[in-house]
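Here is the structure we will look at, set down as structure tokens.
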Amino acid sequence: MKYDFASIEQKWRDYWDREQTFRTPNPGDPPDAGFDPDKPKFYVLDMFPYPSGVGLHVGHPLGYIATDILGRYKLMRGFNVLHPMGYDAFGLPAEQYAVEHNVHPRITTEKNIANMTAQLKRLGMGYDWSRCFATTDPGYVKWTQWIFLQLYHSYFDPIENKAMPIAHLIHQLEQQNYYVGIDGELINSADTENLEALSGIGDPNVHKWHELDPGQQARLLDEYRLAYMDDVEVNWCPRLGTVLANEEVTNDGRSERGNFPVYKRPLKQWMLRITAYCDRLIDGLDDIDWPESIKLLQRNWIGKSLGARVDFAVDGTDDASITVFTTRPDTLFGATYMVLAPEHPLVGEITTDAQLDAVEAYQRRAESRSSVDRQADAKEKTGVFTGAYAVNPVNDQAIPIWIADYVMMGYGTGAIMAVPAHDERDYAFARTFDLPIVEVVSGGDVSKEAYTGNGPLIHSANDEVSLNGLPVDEAKQRITGWLEARQLGWSQTQYRLRDWLFSRQRYWGEPFPILHGPHGEIRPVDEADLPVELPEMDDFKPHGTDDPDAPPQPPLGRAGDEWKKVTIDGVEYTRELNTMPNWAGSCWYYLRYLDPQNKDALVGREAERYWMLSKKKDGSHHAGGIDLYIGGPEHAVLHLLYFRFWHQVLYDLGHVSTPEPAGRYFAQGYIQAFYYEDAKGVRVPAADVIDQKSNQPAMELQDKDEKELELVYEGRPVKRQYGKMGKSLKNAIDPVEVMDRYGCDTLRLYEMYLGPLEASKTWNTQDIVGVHRFLQRVWRNFYDADNGGLLIDEQAPDEATLRLLHKTIQRVTDAMESMGFNVAIAALIELNNALVKLDKLPRVVAESFVKMLAPFAPHVAEELWAVLGQAPSVAHRDWPAYDPALLVEDTIELPVQVNGKLRGKVTVAADADDSAIEAAARADPNVAVQLDGKTVRKVIVIPKRLVNIVAS
RNA sequence: GCCGGAGUGGUGGAAUUGGCAGACACGUCGGAUUCAAAAUCCGAUGCCCCUUAAAGGCGUGUGGGUUCGAGUCCCACCUCCGGCACCA
């Protein structure tokens, strides 16, 4: 009997499909057949793929194999396991593929999904396919749009610290619990102090709700909705023909997708008020088991800074003042000039006639430059003096006001006080323009460079307050207190995170459930009319251009009026023509898997509570969410931030039961590979690169140092680069080819054996034979290679074999719990190598071995399980348990060190006392030689570990 | 520049968290089988000294330190990878 993996794998794939082996019953009234409410649950989730149509490479299934192994393991450990899969089918990748092939995206998406499903089934994945859906399904789009309407109809209440229905805010305003300030700020009517500060009630700038006209009321509410339209500085990518979120723009000012230039320009777009959740998003990180590195990325991205706002009066004006944000109010006495962002609204007001031409020229230049240019010469400081002066509130000094593009309108107040002595950027600017530098924190040498460290304050006192001698943190507190008392400033928390730009000029996305009235009023689509489906269009392509001044043109603008125009009660509305970004669908898909067919809610209450809430041992719940989420860390400040935001809103509004979507997230590493570039940086097909010295293909010389090779492609020298595997890099390995040659079980084992799941690792095709040989050896332990006879022994195993089995069960079980799959496989290989030496395989050992192999190599395990005469499926059998008594050895071998160096080994009884061990150690001939002529100073006996004799 | 992470044989990686460094696998070398090759099987394999073996010396990026004992802890530095980047 040969190990015929092709037919074995086909047979068991068909079996799982036919028998629905991995279908997961749901709770409910009545529950699905086979649902056992007494079992604990395990919700394990992969980041679902884009059905891009280019096909999978071996890097894609890495995380999927890991979750599949864990899901199968947990099933055997008695959990109700939910392990679903679906498709993130909207968005740029799907649309670009459709454009390239000139087919409607719905057609290509369907085709690609079918293709990818076949590939995933070929990988032996134990998904519950009955829960599979695509984000493009109308039944799913309906609820994506519904959630958007929840965002539109909600605001973040700072007192409750959570999202609430906008109706609650309206009620508060009607009850006059709040008044409305000049900038639309809400003033608590009980907060008399604040009202007095604004000259009290009756101030023309403070209004009651009913004093506002309906238009003003609507605009006021828009200031608070979690989804709102606003004129904002957007990232406009003319080449892609769409705007992008900050998170989708690389740090050199280009689009993450396509690497095209991105320009800042003002545009009226849909925004999501994610900034309202800054603190919740930071605080929530403390309660979830995510890698610290990912938490840190999110914290840094949100960028919380504690500091102060300070008002500087503009010299020679009655009421003009500039508010700055600073994290270093302690250095206020060292402020020697101020800088406004070029687009700051006050610039026109304060600029003197003499400086007007220079200022306007600088503004035009700043405006015309793309973010790419602005980054490129970031080092060189440029700027122009406005001619105006501000008054430093602590010492009444007049300091010049400049404009410069190193200050950005989008952060803080768009204005800074410059303290060149203690800020590197201000220092460089002051040096360039010869502005004064005043040291106020001692400890550095400000004649050479800015000093940003701690130290006693100096030169910082006025008639009322002195900071001199204080360390930085105390000086901050004292000066902030003084500013607050004088109403010149106040402490302030500032965030780096901006609101989330949520519109795209794309066809292949969820339409907004929004109508625009003839006078610009916004009317949400009635829930009963959801989903708003995309119109059928022939010309769905984005019209990309190189002209940064060209206006964005949503493709839906080219749809017919029968779709665009909607008449309700005699009023003609126009549909919103932008679509949502592809992140929308991935923001809540993990909830839909719990109850994918539900027509009345995004997810049924009972299913949501069962799968999201984790039961504690005492029967109460703790906020668990997804028990294990595995995916690439490249989504750290994209999907992984966005979906937490949506989930927190849904939690606040009572639609879900846990404060966080995923209690545990695990960041998998990448599979990396070499790729090759010519002198111009153009990637060349890796398979055709050869080493001129040896005349061998470069792919077969991966171990060699590049310096020893002469790599050429078509005679041209090329350079080796190392990075993520991908079709565009021309270094992708097709998993189907690997499976054709070695089988799926081998591929699964190999990918897990490559190294720790979280590490990035190099694919090396020649290593695959190792795990393939392992499976063949396993097979030969069951079948006689000569006559095909079965080699199963019904007798109990000998003690040594039994001990080894139980030791292995312990090692594999421990490795599973810590996701050390490479180590688990090594333990199985070791056990199998020992079993090779037996004539026949004791049944007890064989059954336990097959069970442990099953999560990794499920097809061959099912086959061997059947060979053992057992009914399928091994996937539903209990994981083997180990007997602790069999792990304890009677005698143990102890290493003996002399002065910390290994000199011998002694075998002693496991329960031998220290003196007996010491005597045995001294008796070892080699140890005795080492001790000869020396005085023993000390003997250290670590029970069951080692002996160390210190001698001199 | 700032913030993370990582450096272990020819290669991928183990090491119960301070206790036998190099499990397991690839590769290489030797052998078996074969007309031959592939596949398969058996054995050896960190480096140095040595004809070989025993014994010994050196070894976890570099330099120091703590300790009976350091891949693991502390200090300084080097290299690579990832993220952020004029964020006040």
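Just so we're on the same page: letters track the sequence lines, and every chain starts at 1.
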Distance, C1' atom - from B:rG13 to B:rA88, rounded to whole angstrom:
46 Å
Under 6.0 Å from the ring centre and within 45 degrees of the ring axis: does the NZ or CZ of A:K381 meet both conditions for the six-membered ring of A:Y406?
yes
Name the nucleic acid region contacted by A:P633, choosing base, sugar-phosphate or nothing; use a 4.0 angstrom heavy-atom cut-off, strictly under.
nothing
Do the ring centers of A:W402 and A:F429 come within less than 6.0 Å of each other?
yes
Do other residues, nucleotides or ligands put more than 12 heavy atoms under 6.0 Å from A:R741 CZ?
no
Rounded interatomic separation in angstrom, taking CD1 from A:I942 and C1' from B:rC68
9 Å
Compare all side-chain heavy atoms of A:R811 with those of A:E830 and state whether any distance is below 4.5 angstrom.
yes
Taking side chain to side chain donor-acceptor pair (under 3.5 Å) as the definition, give me every residue that meets it alongside A:D740, ordered by chain and number, with sequence neighbours left out.
A:R122
A:I768 CD1 to B:rG13 C1', in whole Å, measures 17 Å
C1' atom, B:rA39 versus B:rA32: distance in rounded Å?
14 Å
Atom CD1 of A:I825 and atom P of B:rC26 are separated, to the nearest Å, by 13 Å
Euclidean distance for P, B:rC29 against B:rU34 (whole angstrom)
23 Å
Please work out the stems of RNA chain B from pairs that are Watson-Crick or G-U wobble with both distances under 3.5 Å, keeping only runs of three or more consecutive pairs.
B:1-7 with B:78-84, B:10-12 with B:24-26, B:27-32 with B:40-45, B:46-48 with B:56-58, B:61-65 with B:73-77
I'd like to compare against my own output: the B/S/- annotation of nucleotides 37-43 of chain B with a strict under-4.0 Å heavy-atom distance to protein.
---SS--
When you check the glycosidic angle of B:rG9, does it come out syn, meaning within 90° of 0, or anti?
syn
Can you check each nucleotide of nucleotides 72-78 of chain B against protein heavy atoms at under 4.0 Å and return B for base, S for sugar-phosphate only, - for none, in 5' to 3' order?
-------
Nearest-Å distance for atom pair OH/P, residues A:Y750 and B:rG12
11 Å
Quick one: A:N822 CG to B:rC26 C1', roughly how many Å, whole number?
15 Å
Using the C1' atom on both, measure B:rC3 against B:rG19 and round to a whole Å.
35 Å
Rounded to the nearest angstrom, tell me the gap between atom CD in A:Q494 and atom P in B:rA88.
9 Å
Is A:D279 paired with A:K304 through a side-chain N to carboxylate O contact shorter than 4.0 Å?
yes
Do the side-chain N or O atoms of A:N926 get closer than 4.0 angstrom to the phosphate oxygens (OP1, OP2) of B:rG56?
yes
Would you say a side-chain N or O of A:N833 is under 4.0 Å from OP1 or OP2 of B:rA25?
yes
Is the gap between the ring centers of A:W763 and A:Y670 under 6.0 Å?
no
Step by step, work out the side chain to side chain contact (heavy atoms under 4.5 Å, CB included) result for A:V339 and A:M417.
CA-CA 6 Å; A:V339 185; A:M417 65 174 205; over 6 Å; no
Side-chain N or O of A:Q672 closer than 4.0 Å to phosphate OP1/OP2 of B:rC81
no
Could you measure between the two P atoms, the one in B:rG30 and the one in B:rA38, and give it in whole Å?
14 Å
Expressed as a whole number of angstroms, how long is the span from A:I399:CD1 to B:rA88:C1'?
14 Å
Would you measure the distance from the C1' atom in B:rG1 across to the matching atom in B:rC58 and give it in whole Å?
40 Å
Under 3.5 Å, is there any donor-acceptor pair linking the side chain of A:K905 to the base of B:rC20?
yes
Integer angstrom distance from the C1' of B:rG10 to that of B:rG4
31 Å
Is it true that, when you exclude A:E817 itself, more than 12 heavy atoms of the residues, nucleotides or ligands shown sit nearer than 6.0 Å to its CD?
yes
Please confirm whether the shortest side-chain N or O distance from A:Y753 to OP1 or OP2 of B:rA25 is below 4.0 Å.
no
Let's test your reading of the model: under 3.5 Å, does the base of B:rC26 pair with the side chain of A:D767 as donor and acceptor?
no
Can you tell me if A:R496 touches the phosphate of B:rA85, counting only side-chain N or O atoms and a distance under 4.0 Å to OP1 or OP2?
yes
Closer than 4.0 Å, any side-chain N/O of A:R903 to the OP1 or OP2 of B:rG56?
yes
A:D814 CG - B:rU17 C1' separation (whole Å):
14 Å
Closer to the 5' end of RNA chain B via nearest nucleotide, is it A:D426 or A:L902?
A:L902
Okay, side chain of A:N392, backbone of A:T336: is any donor-acceptor separation there less than 3.5 Å?
no
Reading 5' to 3' through nucleotides 29-34 of chain B, protein heavy-atom contacts under 4.0 Å coded B for base, S for sugar-phosphate only, - for none:
------
Could you measure between the two C1' atoms, the one in B:rU67 and the one in B:rC84, and give it in whole Å?
40 Å
Is there a side-chain contact between A:V440 and A:H422 (heavy atoms, below 4.5 Å)?
yes
Nucleic acid contacts - residues 290-298 of chain A versus RNA chain B, non-hydrogen atoms under 4.0 Å
A:S293, A:L296, A:L297
So, are A:D286 and A:R299 salt-bridged, with charged N and O less than 4.0 Å apart?
yes
Kindly indicate whether the side chain of A:T808, heavy atoms from C-beta on, has any atom under 4.5 Å from the side chain of A:L804.
yes
